[in-house]
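Along the sequence shown, the residues carry numbers beginning at 1. The model shown is predicted, which means the values in this text are computed figures rather than measured ones.
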Amino acid sequence: MKLFSLSVLYKGTTKSNLLKAAYDLSSFSFFQKSSVQEFMTFTSDLIVQRSPIGSRASVKEQEYLCHVYVRNDSLGAVVIADGEYPSRVCFTLLDKVLEEFSRQVSSIDWPSGSPDTVHYTALDSYLAKYQNPREADAMSKVQAELDETKIILHNTMESLLDRGEKLDDLVQKSEHLGNQSKAFYKTARKQNSCCEVM
């Protein structure tokens, strides 16, 4: 599970405007990084242009999933992740980023802003923090703990079944011992009865 790109854009009437972006291209070779970054920037721009205002969507592009959220105030964000990354966590990230961005950057700067002029530095830290969805998102963390508990529970049930089979063997043996004990008791009683003094 990996996040590759996180971008904030303004959706204008004719085109979108990139305001800020962060990339994690460490999984690509040195020679691929600039091309991959350009492709991700282009894809983010295109997805925001084509998305209606007030919408959320996920778009599959080769082995990547592009999650987009364009708010009613035309501020949009795109996160590009691999196919395994949970969509719900991506949309939680987009909500947080857009909310924080709109509080820190004036809406007057959105139509004409650029990555060089917009002063918002949290994208890199969000991209790093959300690389592990279980740590970044409380619901994912709880789900992981539930899955882990379920595995432990299944292991416990299996060990109880194994133990149950062993207990059955013991019960069988104890019943066998019980019959032998009864037979010994009867034999001992018969032997002792002839020796009784009246």
Kindly write out the residues that satisfy salt bridge (Lys or Arg N to Asp or Glu O under 4.0 Å) with [X], not counting sequence neighbours, or none if the list is empty.
X	result
D124	none
R50	none
D82	none

Of all pairs that satisfy side-chain hydrogen bond (donor to acceptor under 3.5 Å, both in side chains), the ones with a partner from residues 9-22, not counting sequence neighbours: S16-D45
Provide the full list of side-chain hydrogen bond (donor to acceptor under 3.5 Å, both in side chains) pairs with a residue in residues 33-42, sequence neighbours left out, each pair given once. Y23-T41
Please identify each residue that fulfils side-chain hydrogen bond (donor to acceptor under 3.5 Å, both in side chains) with [X], with sequence neighbours left out.
X	value
T43	none
S87	none
S26	D24

Sorted by chain and residue number, the ring pair (Phe, Tyr, Trp, His ring centres under 6.0 Å) partners of Y69 (sequence neighbours excluded) come out as none
Starting from the C-alpha separation in whole Å, work towards a yes-or-no answer on side chain to side chain contact (heavy atoms under 4.5 Å, CB included) for S7 and M40. CA-CA 9 Å; S7 308; M40 289 184 178; over 6 Å; no
Are [Y] and [X] connected in a single hydrophobic cluster, I mean Ile/Leu/Val/Met/Phe/Trp/Tyr linked by side-chain heavy atoms less than 4.5 Å apart?
X	Y	value
L127	L25	no
L93	F4	no
L3	V59	no

With S51 via side-chain contact (heavy atoms from CB on, under 4.5 Å) - residues at least two apart: I47, S55, V68, V70
With sequence neighbours excluded, tell me which residues meet side-chain contact (heavy atoms from CB on, under 4.5 Å) with E100.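 For E100 the side-chain contact (heavy atoms from CB on, under 4.5 Å) partners, ignoring immediate neighbours, are R103, Q104, Y120, A122, Y126.
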How far apart are the closest heavy atoms of S74 and I53, and which atoms are they?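 Where S74 meets I53 most closely, the heavy atoms are OG-CD1, 3.4 Å.
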Angle between ring planes, Y64 versus F28, binned at 30° and 60°: parallel, tilted or perpendicular? tilted
Taking transitive links into account, so neighbours of neighbours count too, which hydrophobic residues share a cluster with F42 at under 4.5 Å side-chain distance? L46
Side chains of R88 and H67, heavy atoms from C-beta outward: is any pair under 4.5 Å?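 No. Closest side-chain heavy atoms not under 4.5 Å.
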Non-hydrogen side-chain atoms of L75 and V8 separated by less than 4.5 Å: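 Result yes, sub-4.5 Å side-chain heavy-atom pair found.
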With a 3.5 Å cut-off and no angle check, do the side chains of K96 and Y130 form a donor-acceptor pair?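 Y130 and K96 do have a side-chain donor-acceptor pair below 3.5 Å.
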Begin with the C-alpha distance, continue with both residues' side-chain angles, and end with the deciding distance and a verdict on side chain to side chain contact (heavy atoms under 4.5 Å, CB included) for W110 and F101. CA-CA 10 Å; W110 298 352; F101 186 89; 3.6 Å; yes
Let me see the working for L65 and Y85 under side chain to side chain contact (heavy atoms under 4.5 Å, CB included), right down to the final yes or no. CA-CA 8 Å; L65 268 175; Y85 201 91; over 6 Å; no
Residues S44, L18; criterion side chain to side chain contact (heavy atoms under 4.5 Å, CB included); working and verdict: CA-CA 9 Å; S44 299; L18 179 67; 5.9 Å; no
